[in-house]
Number of protein chains: 2
Amino acid sequence: MSYKEKKVLPIGSVSELTGLSLRKIRYYEERGLILPERSGGGTRKFSFNDVEKLMDIANQIEDGMQTFEIKKMYKKDKQKDKGKIRDEMIRGQLNAAFKMSK
Amino acid sequence: MSYKEKKVLPIGSVSELTGLSLRKIRYYEERGLILPERSGGGTRKFSFNDVEKLMDIANQIEDGMQTFEIKKMYKKDKQKDKGKIRDEMIRGQLNAAFKMSK
DNA sequence: CGTGTAAGGAATTCTGACACG
DNA sequence: CGTGTAAGGAATTCTGACACG
């Protein structure tokens with residue numbers, strides 16, 4: 001297993017790397033978008049993969065997507081289901097295009 | 001800059017990854033063998049490169065090398081000086097061989 | 001729904017020192 | 001010299017809640 005998958009970063013480092021507030025990061029976990037591990041004492045430990053995922057999430061949130069939609073996308077992404085996901089993909093792109101047009 | 005160089009790991013994670021005690025890690029920093037960054041509040045932040053370096057250091061210590069020698073080696077290593085370093089290289093190997101022969 | 005914030009507590013980390021050897 | 005440990009304090013993180021919208 002490479003470094004990118006190791007769950008070792010504290011939430012403070014993740015916040016600095018992503019630019020997201022601690023509140024946002026915890027909330028995205030609460031919604032099941034990311035799954036950090038926990039130390040014996042209960043503190044969250046993230047991987048660099050989580051960091052990358054969070055940056056993607058941040059973009060999708062900016063595009064007006066909702067957490068449950070994003071979560072669905074990741075689920076579909078995993079099972080490589082090219083069907084229903086299309087709606088969200090297109091919706092995401094439309095939102096992005098709309099945003100840029102302003 | 002890749003993930004390996006990012007100073008983001010707390011000392012606890014480094015301790016788990018390397019198997020070294022917090023005391024040892026702090027001591028090796030005190031001797032100048034590693035240079036973690038500090039957060040605003042003063043907590044150490046290490047990189048995966050530091051983790052790798054610490055595992056090397058641990059081996060050299062096991063081989064009976066002293067911290068100041070190890071430090072010299074890293075200095076020489078940087079300036080690619082192939083001269084005096086030889087003593088320590090050989091000494092390290094001899095110590096290792098000696099240890100295995102037991 | 002997504003996010004900020006104040007609140008109280010618990011886990012993590014920090015430093016300087018004493019101990020042993 | 002290298003490392004363990006107890007000590008007291010400071011920084012970091014945790015959760016549940018109230019607020020706004």
Side-chain angles (χ1 to χ4, degrees), chain A residues 7-47 50-51 53-74 88 91-92 95 99, chain B residues 7-47 50-51 53-74 88 91-92 95 99:
Chain A
K7 303 275 191 175
V8 289
L9 315 183
I11 196 168
S13 293
V14 174
S15 175
E16 283 187 4
L17 291 170
T18 62
L20 299 174
S21 67
L22 305 182
R23 181 68 165 100
K24 286 181 179 177
I25 297 170
R26 293 191 187 116
Y27 181 66
Y28 299 152
E29 180 199 18
E30 185 184 319
R31 305 317 316 276
L33 302 183
I34 45 174
L35 285 105
E37 288 181 357
R38 297 282 182 146
S39 74
T43 63
R44 275 167 270 248
K45 295 298 175 189
F46 302 78
S47 67
D50 292 329
V51 170
K53 200 167 175 181
L54 280 168
M55 297 181 92
D56 285 350
I57 292 170
N59 285 326
Q60 296 175 297
I61 292 280
E62 269 190 81
D63 292 347
M65 227 169 294
Q66 288 186 295
T67 56
F68 82 94
E69 296 180 284
I70 299 174
K71 185 175 180 183
K72 258 193 297 180
M73 286 189 64
Y74 284 124
E88 285 101 351
R91 171 161 180 194
N95 275 314
K99 197 166 182 263
Chain B
K7 303 276 190 175
V8 289
L9 315 183
I11 195 168
S13 293
V14 174
S15 175
E16 285 186 4
L17 291 170
T18 61
L20 299 174
S21 67
L22 305 182
R23 181 68 164 100
K24 287 181 179 177
I25 298 171
R26 293 191 188 115
Y27 181 66
Y28 299 152
E29 180 200 17
E30 183 184 321
R31 305 316 316 275
L33 302 183
I34 45 173
L35 286 104
E37 290 182 356
R38 298 282 183 145
S39 74
T43 64
R44 273 167 270 249
K45 295 299 174 188
F46 301 79
S47 67
D50 292 329
V51 170
K53 201 167 175 181
L54 280 168
M55 297 182 93
D56 285 351
I57 292 170
N59 285 328
Q60 295 175 297
I61 292 280
E62 269 189 84
D63 293 346
M65 227 170 294
Q66 289 186 294
T67 55
F68 83 94
E69 295 180 284
I70 299 174
K71 185 175 180 183
K72 257 193 297 181
M73 287 190 61
Y74 283 126
E88 285 100 350
R91 173 162 178 192
N95 275 314
K99 197 168 182 259

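All heavy atoms count here, side chains included; hydrogens, waters and symmetry mates do not. Model, not experiment: these values are computed from the prediction. Per chain, numbering begins at 1; letters A, B, ... match sequence-line order.
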Subject >> Shortest side-chain distance from A/Tyr27, nucleotide among C/dG2, D/dT13, C/dC14 >> reply: C/dG2

**OP:** May I have the distance from A/Lys45 (atom NZ) to D/dT12 (atom C1'), rounded to whole angstrom?
**Re:** 10 Å

Subject >> Gap separating the CD atom of A/Glu37 from the CZ atom of A/Phe46, nearest 0.5 angstrom >> reply: 11.0 Å

Original post:
Nearest to the side chain of A/Ile61, which nucleotide is it out of D/dG2, C/dT3, C/dC14?
Top reply: C/dT3

Subject >> Integer-rounded Å distance: D/dT3 P and B/Ile57 CD1 >> reply: 11 Å

Original post:
Between D/dG4 atom P and B/Ile25 atom CD1, what is the distance in whole Å?
Top reply: 10 Å

Subject >> First of B/Arg31 and B/Gly40 reached from the 5' end of DNA chain D, by closest nucleotide >> reply: B/Arg31

**OP:** Please say whether the positively charged group of B/Lys53, taken as NZ for Lys or CZ for Arg, lies over the ring of B/Tyr28, i.e. under 6.0 angstrom from the six-membered ring centre and within 45 degrees of the axis.
**Re:** no

**OP:** Indicate, with a heavy-atom threshold strictly under 4.0 Å, whether B/Arg44 touches base, sugar-phosphate, or nothing.
**Re:** sugar-phosphate

**OP:** With the side chain of A/Gln66 defined as its heavy atoms from C-beta on, choose the nearest nucleotide among C/dG4, C/dG2, D/dG4.
**Re:** C/dG2

Original post:
Does D/dG2 have a Watson-Crick or wobble mate here (both distances under 3.5 Å), and if so which one?
Top reply: C/dC20

Original post:
When the distance from CD1 of A/Ile34 to P of C/dG2 is rounded to whole Å, what number comes out?
Top reply: 14 Å

**OP:** Identify, between A/Gly12 and B/Tyr28, the residue whose nearest nucleotide on DNA chain D lies closer to the 5' end.
**Re:** B/Tyr28

Subject >> Donor-acceptor under 3.5 Å (A/Lys7 side chain, A/Leu35 main chain) >> reply: yes

Original post:
Heavy-atom distance under 4.5 Å between the side chains of A/Ile70 and A/Met65, does that happen here?
Top reply: yes

**OP:** Report the distance from atom CD of B/Glu30 to atom P of D/dT3, rounded to the nearest whole Å.
**Re:** 12 Å

Subject >> C/dG8 pairs with, by Watson-Crick or G-U criteria that keep both distances under 3.5 Å >> reply: D/dC14

Original post:
Which of the following nucleotides, C/dT12, D/dT3, C/dG2, is nearest to the side chain of A/Thr43?
Top reply: C/dT12

Subject >> For atom CG of A/Asn59 and atom P of C/dG2, their distance in whole Å >> reply: 16 Å

Original post:
Which whole-number value in Å describes the distance from A/Ile11 CD1 to C/dT13 P?
Top reply: 15 Å

**OP:** Check for a donor-acceptor pair, side chain of B/Glu69 on one end and backbone N or O of B/Gln66 on the other, with a separation under 3.5 Å.
**Re:** yes

**OP:** Among the candidates C/dC14, D/dT13, D/dT3, find the nucleotide nearest to the side-chain atoms of B/Arg23.
**Re:** D/dT3

Original post:
Which one, D/dG4, C/dT3, C/dG2, comes nearest to the side chain of A/Lys24?
Top reply: C/dT3

Original post:
Tell me: CZ of B/Arg26 to C1' of D/dT3, nearest whole Å?
Top reply: 12 Å

